[in-house]
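The next block holds one structure in the form of structure tokens; read it before the comments.
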Amino acid sequence: MKQKNELGIDAMICSTKKNNKKNKRLTIAELRTFKGFENQTDEELDEVIRSLTVMAEIFIDIYLKQKSKSKITNEILNSDY
């Protein structure tokens, strides 16, 4: 499956907020098109999708926390104190 446009996470987050679109969840039918998932049951595929969703939420949370820490550090370093 070809990747669409490879955007950075900042661009994806901004794009989602800007367009005010709800994030699209991967469907069982879509997941079944990937190699290795063709013969899995719907229940197994649903579990994979739920796990991927949780993992994505964790990654985004970590990324946003790191970005926030970096911004605060830069503000401290650039302050006139």
Side-chain angles (χ1 to χ4, degrees):
M1 193 174 222
K2 288 185 179 180
Q3 294 291 328
K4 286 186 179 176
N5 193 353
E6 288 193 26
L7 297 174
I9 192 163
D10 285 329
M12 287 188 284
I13 291 169
C14 289
S15 176
T16 300
K17 289 179 182 177
K18 184 177 177 181
N19 295 326
N20 208 10
K21 291 181 180 177
K22 186 174 181 175
N23 294 334
K24 183 181 170 223
R25 187 174 184 215
L26 181 68
T27 66
I28 290 172
E30 290 170 328
L31 183 55
R32 201 168 261 134
T33 65
F34 289 90
K35 184 177 180 181
F37 294 99
E38 305 91 349
N39 299 316
Q40 303 299 313
T41 66
D42 285 358
E43 292 79 17
E44 291 170 327
L45 295 175
D46 189 52
E47 182 63 32
V48 169
I49 291 169
R50 282 189 272 130
S51 296
L52 289 171
T53 302
V54 169
M55 190 169 59
E57 290 170 354
I58 291 169
F59 289 152
I60 290 170
D61 188 49
I62 291 169
Y63 171 80
L64 293 174
K65 285 179 181 176
Q66 289 296 323
K67 185 177 176 185
S68 177
K69 285 180 185 178
S70 177
K71 182 178 178 182
I72 291 168
T73 301
N74 287 336
E75 288 173 1
I76 291 170
L77 292 174
N78 294 327
S79 68
D80 292 333
Y81 294 108

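Judged purely by atom type and a 3.5 angstrom limit, S70 has no side-chain atom pairing as donor or acceptor with the backbone of Q66. With hydrogens and angles disregarded, a donor-acceptor distance shorter than 3.5 Å links the side chain of R32 to the backbone of Q40.
Between the CD1 atom of I49 and the CZ atom of R25 there is a distance of 5.5 Å, given to the nearest 0.5 Å.
In this structure T27 satisfies the side-chain hydrogen bond (donor to acceptor under 3.5 Å, both in side chains) test together with E30, sequence neighbours excluded. Legend: residues meeting side-chain contact (heavy atoms from CB on, under 4.5 Å) with L52, ordered by chain and number and at least two apart, are L26, V48, M55. E44 meets the side-chain hydrogen bond (donor to acceptor under 3.5 Å, both in side chains) test with T41; sequence neighbours excluded. Qualifying side-chain hydrogen bond (donor to acceptor under 3.5 Å, both in side chains) partners for D61, counting only residues two or more places apart in sequence or in other chains: K65. Evaluation of the salt bridge (Lys or Arg N to Asp or Glu O under 4.0 Å) rule for K69 yields no partner, not counting sequence neighbours. With sequence neighbours excluded, the residues forming a salt bridge (Lys or Arg N to Asp or Glu O under 4.0 Å) with E47 are R50, listed by chain and number.
Heavy atoms only, all atoms of each residue included: F37 and L31 are closest at CB-O, 3.4 Å.
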